[in-house]
Amino acid sequence: MTSHVRHITIDCADAYALGGFWAQVLGAPLSDEDVPGDPEALVEAPGAAVLFVQVDERKQTKNRVHLDIQPQDRSRDEEVERLLALGATLVGDHRKPNGRGWATLADPEGNEFCVECSAAERAAPTGTRLPVTADDVTSAVRLAVDVLAGAPADRWDAPAGTLTWTCWETVEHLSDDLFAYAVQLGPRTPPLDGEVPYRWAPERQGGPHNAVFADRDAGPAGLLATLEASGALLASMARTTPPEVRSYHGYGISDPEGFAAMGVVETLVHTHDLAEGLGLAWSPPPALCDRVLARLFPDAPAGGDRWTVLLWATGRAELPGHPRRTSWRWDGRPREDGRTASSAGESV
């Protein structure tokens, strides 16, 4: 057996205030148990949480250990400007004319940290494809839940966009998709010839075939809790399953990154369906759309608005210069297998 890092712990003078700063830096919540004046504050960041502990001693010199952060949806320089506006200070500028390098900042109590180039900036010079990660699953699901939480309570039985399912059923279907992708990675020897044998069945004729259903008495908040829980299951499996593991999917044997990408696509496009049915606005981050397009739709057109291209790839939008798709499927097989298959086929 081995050990895992549970928390990264930082000594400080005001745990709650400094935790609040870092919660904004990392886009992660402070623990619900923390209140102003507490001697400890926990920022529940994906991967490893950051714990701030109040101590009497003042910071004396440069930290021997520091955090390196990488922006996820903006450039390094844009992130530096955002963090300076939050209250950080610039300690050292190591950015180079060729776009590489980093900036060293200090938080409001003087703890140094570095801001590196984004993954996109690092990949651009070589044309490297950016992977879809467990954090992408978490981000997609949380963005969806936050938008859907604003839905009118009386609209959940309306059709979800052009689907024949209600909005309630579509969230159940999405929760079930995320659950299904997670469990395909669960057995010690994942199946290569079929799905893990849960029983999938509809609650009504014409409804989605699910193993996961929400308790209607729990209302929309309970429904969205099932969605977030299923997303967390998939993110955990994508993060902890070795990348060489393979498991069955009807569109090709896939790997943990492939199942993560499938979960992200399901989340983005079904939230589009739901937003149409519920009267909500929904436009996910272009960089996230670009990563899943590169992973699952290798024949998708380059350039253009990446969200529009993803909607086109999944049969939900027109794309100038390209015929509208009336059927589609992704290619879930690992990219290193060396082929780029067409993503035309059958799916919802």
Side-chain angles (χ1 to χ4, degrees), residues 2 4-6 26-28 44-49 70 72-73 118-120 123 128-146 171 173-192 194-196 198 211-212 224-271 284-285 287-298 310 314 329-337 347:
T2 59
H4 296 276
V5 175
R6 183 181 180 194
L26 300 174
E44 298 176 323
Q70 184 179 61
Q72 300 300 299
D73 56 357
S118 68
T128 304
R129 180 183 69 83
L130 296 177
V132 181
T133 68
D135 288 343
D136 287 332
V137 176
T138 299
S139 175
V141 172
R142 288 181 176 176
L143 288 170
V145 168
D146 289 347
V171 174
H173 166 75
L174 175 54
S175 297
D176 188 78
D177 282 340
L178 300 175
F179 169 82
Y181 299 152
V183 300
Q184 282 301 111
L185 298 170
R188 283 178 291 178
T189 303
L192 298 177
E195 296 171 343
V196 176
Y198 287 88
V212 173
L224 296 181
T226 69
L227 175 57
E228 197 159 11
S230 290
L233 287 175
L234 178 56
S236 295
M237 294 306 301
R239 180 175 289 112
T240 58
T241 303
E244 65 272 13
V245 168
R246 301 289 183 266
S247 188
Y248 174 85
H249 185 275
Y251 295 167
I253 302 295
S254 198
D255 59 352
E257 186 205 2
F259 283 104
M262 295 176 208
V264 172
V265 170
E266 297 278 12
T267 301
L268 300 186
V269 301
H270 280 314
T271 303
L288 180 57
C289 299
D290 189 58
R291 289 195 291 279
V292 295
L293 280 165
R295 177 61 176 82
L296 295 178
F297 300 93
L310 182 57
T314 56
R329 62 187 292 170
W330 56 54
D331 184 356
R333 294 173 294 176
R335 292 272 69 82
E336 65 268 19
D337 287 356
S347 191

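Since the structure is predicted, the reported quantities are computational estimates derived from the model, not experimental observations. Values below: every heavy atom of this structure, side chains too, minus hydrogens, waters and symmetry copies. Sequence positions, counted from 1, serve as the residue numbers for this chain.
- Distance CZ/Arg129 to CG/Asp290: 10.5 Å, rounded to 0.5 Å.
- Remark: the backbone N or O of Asp135 is not paired with any side-chain donor or acceptor of Ser139 at under 3.5 angstrom.
- When atom types are taken as modelled, the side chain of Thr271 and the backbone of Ala144 share no donor-acceptor pair closer than 3.5 angstrom.
- With rounding to the nearest 0.5 angstrom, the NE2 atom of His249 is 4.5 Å from the CE atom of Met262.
- For the pair Asp255 (side chain) and Pro243 (backbone), a donor-acceptor distance under 3.5 Å is absent.
- Going from atom OG of Ser118 over to atom CD of Gln72 covers 8.5 Å, rounded to the nearest 0.5 Å.
- Between the side chain of Glu195 and the main chain of Gln184, no donor-acceptor pair closer than 3.5 Å is present.
- Judged by distance alone, the side chain of Ser254 and the main-chain N or O of Gly332 form a donor-acceptor pair under 3.5 Å.
- Leu227 CG to His173 NE2: the interatomic distance, rounded to the nearest 0.5 Å, is 11.5 Å.
- In this structure a side-chain-to-backbone donor-acceptor pair under 3.5 Å is present from Arg246 to Glu244.
- Annotation: side chain of Ser230 is not in contact with side chain of Asp176 (no heavy-atom distance under 4.5 Å).
- Distance NE2/His270 to OG1/Thr314: 9.0 Å, rounded to 0.5 Å.
- Interatomic distance, Leu268 CG to Leu174 CG, rounded to the nearest 0.5 Å: 9.5 Å.
- In this structure, the side chain of Asp136 engages the main chain of Thr133 through a donor-acceptor pair within 3.5 Å.
- Counting only heavy atoms from C-beta outward, the side chains of Thr226 and Phe179 never approach each other to under 4.5 Å.
- Minimum heavy-atom separation, Val245 to Pro190: CG1-CG, 3.7 Å.
- With hydrogens and angles ignored, the 3.5 Å screen pairs a side-chain donor or acceptor of Arg329 with a backbone N or O of Gly250.
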